Protein chains: 2
Amino acid sequence: MDYPLKTPGQLGAVLKGFRRERKLTQAAVGAAVGLPQNAISQIEAAPDHSSLARVFKVLAALELEVVVRPRQPGKGAAW
Amino acid sequence: MDYPLKTPGQLGAVLKGFRRERKLTQAAVGAAVGLPQNAISQIEAAPDHSSLARVFKVLAALELEVVVRPRQPGKGAAW
DNA sequence: AGATATTATCTTGTTTAAGTGATAAAACGA
DNA sequence: TCGTTTTATCACTTAAACAAGATAATATCT
């Protein structure tokens, strides 16, 4: 399954989920991309006012990629 | 097909592609989400330093959604 | 080529995130 | 519970995005 996101907040939650799934701490992710721990915290909690640059750094650290596609009617969040 | 993105720049290009596909001008997209034309221009050209809030506004205007998923080895850009 | 429509670039002031460090709060394990 | 690890919050300075408007550059069409 995949997780269609329509808001920044949802993205933060997904990032957090993937990070925990990989058993990584915020500090570990930050170290991997050159960001302090509190930066990762902010991205997960309030991503709407984070830059794409920051977000993509975290995506890289978690070995994630992003797909943009037309909204598929009726297909809401998968959880 | 889908378009796995690994950098902010790729996202900008994809947004531009979808917009043109829908025959919308930057001004039209901007008007739909309360942003000036030049803001859309910046998001498409240099999205790395745009906030998620802005990007998701544009995604909404173009009726797009985002999927985050583990990177799939070997599967590069689809174009 | 000329006119129009679209997009990119520039300016200025205001607001806000980035960045770093420290600390408080919370979660977890022994 | 106590100690430890992890996460959230606070403070401060610097740098940059945001916003609005104007203008320049580019593309598009006849």
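So you know, we letter chains A, B, ... as the sequences are listed, proteins then strands, and number each from 1. Fair warning: this is a prediction, and the values are worked out from it, not measured in the lab.
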- Message: Near DNA chain C, counting only heavy atoms under 4.0 Å, which residues of residues 49-62 of chain A show up?
- Response: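 Output list: A:His49, A:Ser50, A:Ser51, A:Arg54.
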What's touching nucleotides 7-12 of chain C from the protein side, N or O pairs under 3.5 Å?
from	atom 1	to	atom 2	distance (Å)
C:dT7	OP1	B:Arg19	NH1	2.7
C:dT7	OP1	B:Arg19	NH2	3.3
C:dT7	OP2	B:Gln26	N	2.8
C:dA8	OP1	B:Lys16	NZ	3.0
C:dA8	OP2	B:Gln26	NE2	2.5
C:dA8	OP2	B:Ser41	OG	3.0
C:dA8	N7	B:Gln37	NE2	3.0
C:dA8	N6	B:Gln37	OE1	3.1

- Item | Interatomic distance, B:Leu59 atom CG to B:Phe18 atom CZ [nearest 0.5 angstrom] |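 It comes to 9.5 Å.
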- Message: Can you list everything that forms a side chain to side chain contact (heavy atoms under 4.5 Å, CB included) with A:Thr7? Sequence neighbours excluded, please.
- Response: A:Gln10
Under the salt bridge (Lys or Arg N to Asp or Glu O under 4.0 Å) definition, can you give me all pairs with a residue in [range], not counting sequence neighbours?
| range | result |
| --- | --- |
| residues 20-32 of chain A | none |
| residues 29-43 of chain B | none |
| residues 30-49 of chain A | A:Arg19-A:Glu44 |

Considering only distance and modelled atom types, tabulate donor-acceptor pairs under 3.5 Å from the side chains of residues 32-39 of chain A, sequence neighbours left out.
from	atom 1	to	atom 2	distance (Å)
A:Gln37	NE2	A:Gln26	OE1	2.9

Atom-pair distance ([atom1] on [X]; [atom2] on [N]), nearest Å:
| X | N | atom1 | atom2 | result |
| --- | --- | --- | --- | --- |
| B:Lys23 | D:dC29 | NZ | P | 10 Å |
| B:Asp48 | D:dA16 | CG | P | 12 Å |
| A:Ile43 | D:dA8 | CD1 | C1' | 14 Å |

- At what angle, to 10 degrees, do the two end axes of the helix from C:dA1-D:dT30 to C:dA30-D:dT1 meet, given five pairs define each axis?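 Overall, the helix from C:dA1-D:dT30 to C:dA30-D:dT1 bends by 70° from one end axis to the other.
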- Query: Is B:Val66 close to A:Val67 at the side-chain level, that is, under 4.5 Å between some pair of heavy atoms?
  - Reply: no
- Message: Looking at every heavy atom in both B:Ile43 and B:Ser50, which two are closest together, and how far apart are they?
- Response: CG1-OG, 3.7 Å
